[in-house]
Amino acid sequence: MIAATAPGKIILFGEHAVVYGRPALAAPIHHLRARATIEETGAPDVTLTAPDLNRTALLSNVNPHNPLAAIVRAVEKHCHCSLSDGYTLSVTSAIPIASGLGSGAAISVAVIRALAVYMGQGEAFTREVVSALAYEVERLHHGTPSGVDNTVIAFEQPVYFVRHDPQPAIELLTPGRPLRLLIGDTGVRSATKDVVGDVRRQWAADSRHFDSIFDACGRIAEAGRSALVAGDLAAVGTLMNDNHDWLVRMTVSSAPLDKLVAAARDGGALGAKLSGAGRGGNMIALVTGETEAAVAERLAAAGAVRIYKSDVG
């Protein structure tokens, strides 16, 4: 059996604005991972299974936009080869779906890595290649993704990301001090494609207003990069608070998210903000060893259905 994994992700700064060419800063969540396995069967088809969702299908029978089928086809196109028979492809994930933690991109990266090993081409599938292939799949499901999810998940390192055509500008970052984060899940699912599409409609109707918001978020991401590398956690926290305020103006927050953000700040977090598309999903809080327990207690009391811990750096 061949197995490969990939982490989830959080956006520290710059969600949504990154779609419009402003910088964003993202980090992997190493302990929440998607896993893909491949077992040879010799059968004249490919069995696709997602036990978490209780789904099984044959590759020959599914819609081309089926997430797993789309990944297989993207790898086939890249390799000019056929991967249409002889194995079972199974995926599982500890990353909540539609919660802003990159579950879709993580599954794509894990499957691509597993298929690369299955073909005996693991070394040829560099992080850049894996990221590019995962981005093609992201485009099928999210319309106009920025590319930051597949990038941070494929590289498994904090990244400073600016969207450019044909290639994004990527800077791998090493935090000056580790960031201790709590991730609070609202329990509300939110489709990235829908939220991104609504922001685009609003931007098209009032580009001056939204460009000013995106510019502010871009400046925050730039300052966040400097603060992260310098290990200035207080500055990182303040910038997280500022970024959330701009995301509220962008209309992508929600009452459950704002409640968790306020609870984290009241509990002593250095900073807190929504992370990801918004209107549901997760928020993140920057804590210290002294404040972690109090913040977690406040998040639970404010309605967080799950609380994850993550260290960056």
Side-chain angles (χ1 to χ4, degrees), residues 8-18 22-29 99-102 146 148-149 152 158-161 173-186 190 213-292 294-296 298-299 302 304 307-313:
K9 72 90 179 66
I10 54 167
I11 304 291
L12 282 170
F13 304 108
E15 47 267 274
H16 288 289
V18 67
R22 279 67 166 187
L25 203 161
I29 309 172
S99 62
L101 299 181
S146 66
V148 68
D149 281 21
V152 68
V159 299
Y160 180 81
F161 179 97
L173 301 177
T174 300
R177 292 172 61 190
L179 273 63
R180 180 175 296 192
L181 297 172
L182 292 180
I183 304 168
D185 186 354
T186 64
S190 177
I213 295 174
F214 298 151
D215 286 341
C217 293
R219 289 191 295 269
I220 288 170
E222 291 175 3
R225 172 180 58 176
S226 299
L228 184 71
V229 172
D232 188 345
L233 301 188
V236 171
T238 297
L239 290 165
M240 289 171 63
N241 291 337
D242 292 344
N243 199 171
H244 183 77
D245 292 345
W246 284 106
L247 290 165
V248 170
R249 300 182 202 185
M250 204 186 291
T251 77
V252 298
S253 192
S254 65
L257 282 167
D258 290 341
K259 186 175 181 180
L260 294 184
V261 167
R265 294 174 184 173
D266 290 343
L270 295 173
K273 62 180 286 293
L274 71 84
S275 182
R279 297 188 185 164
N282 289 271
M283 51 74 65
I284 56 176
L286 178 60
V287 298
T288 65
E290 294 74 23
T291 62
E292 180 179 316
V295 173
R298 292 293 186 99
L299 289 174
I307 301 170
Y308 306 101
K309 299 179 182 180
S310 181
D311 291 327
V312 175

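- Results of the side chain to side chain contact (heavy atoms under 4.5 Å, CB included) test with Lys309 over Leu182, Leu181, Ile29 single out Leu182 as the only residue that passes.
- Leu179 places a side-chain heavy atom less than 4.5 Å from the side chain of Leu228.
- Across every non-hydrogen atom of Gly278 and Ser190, the tightest pair is O-OG, 2.7 Å.
- Atom CH2 of Trp246 sits about 15.0 Å away from atom OG of Ser253, to the nearest 0.5 Å.
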Let me see the working for Phe161 and Val18 under side chain to side chain contact (heavy atoms under 4.5 Å, CB included), right down to the final yes or no. CA-CA 8 Å; Phe161 179 97; Val18 67; 3.7 Å; yes
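- Taken to the nearest 0.5 Å, the CG atom of Leu12 stands 9.5 Å off from the CG atom of Leu173.
- Between atom CE of residue Met283 and atom CG of residue Leu274 there is a gap of 9.0 Å, rounded to the nearest 0.5 Å.
- Partners of Asp185 according to the salt bridge (Lys or Arg N to Asp or Glu O under 4.0 Å) rule, which considers only residues two or more places apart in sequence or in another chain, are Arg306.
- Sorted by first and then second residue, the salt bridge (Lys or Arg N to Asp or Glu O under 4.0 Å) pairs involving residues 246-266 (not counting sequence neighbours) form an empty list.
- Nearest heavy atoms, Ile307 versus Ala296: CD1-O, 3.4 Å.
- Of all heavy-atom pairs spanning Ala227 and Val236, the tightest one is CB-CG2, 3.7 Å.
- For the pair Thr186 (side chain) and Gly281 (backbone), a donor-acceptor distance under 3.5 Å is present.
- Ile10 CD1 to Asp149 CG: the interatomic distance, rounded to the nearest 0.5 Å, is 11.5 Å.
- Contact annotation: the side chain of Val229 never approaches that of Pro175 to less than 4.5 Å [non-hydrogen atoms, C-beta and beyond].
- With sequence neighbours excluded, no residue forms a salt bridge (Lys or Arg N to Asp or Glu O under 4.0 Å) with Arg219.
- In terms of heavy-atom proximity, Val312 sits nearest to Pro158 at CG1-CG, 3.8 Å.
- In this structure, the separation between CG on Leu260 and CG on Leu299 is 6.0 Å, given to the nearest 0.5 Å.
- When the side chain to side chain donor-acceptor pair (under 3.5 Å) test is applied to Glu222, no partner is found at least two apart in sequence or on another chain.
- For Ala223, the side chain to side chain contact (heavy atoms under 4.5 Å, CB included) criterion is met by Leu239, not counting sequence neighbours.
- Checked against side chain to side chain contact (heavy atoms under 4.5 Å, CB included), Ala269 has the following partners two or more places apart in sequence or in another chain: Ala264, Ala285, Val287, Val295.
- Not counting sequence neighbours, the partners of Asn282 by the side chain to side chain donor-acceptor pair (under 3.5 Å) test are Ser99.
- The nearest pair of heavy atoms linking Gly267 to Ala294 is O-CB, 3.7 Å.
- Of all the heavy atoms in Arg22 and Phe214, the pair that sits closest is CG-O, 3.3 Å.
- The salt bridge (Lys or Arg N to Asp or Glu O under 4.0 Å) contacts involving residues 268-287 comprise Glu15-Lys273, Asp198-Arg279, where partners must be two or more places apart or lie in separate chains.
- By the 6.0 Å and 45° rule, Arg225 stacks over the aromatic ring of Tyr160.
- Remark: Thr238 OG1 to Asn243 CG distance equals 12.5 Å, nearest 0.5 Å.
- Judged by distance alone, with hydrogens and angles left aside, the side-chain atoms of His16 form a donor-acceptor pair with the main-chain N or O of Ala277 at under 3.5 Å.
- Every residue was checked against the salt bridge (Lys or Arg N to Asp or Glu O under 4.0 Å) condition with Asp311, not counting sequence neighbours, and none meets it.
- Leu270 is linked by a side chain to side chain contact (heavy atoms under 4.5 Å, CB included) to Leu233, Leu286, Thr288, counting only residues two or more places apart in sequence or in another chain.
- The salt bridge (Lys or Arg N to Asp or Glu O under 4.0 Å) test applied to Arg298 returns no partner, not counting sequence neighbours.
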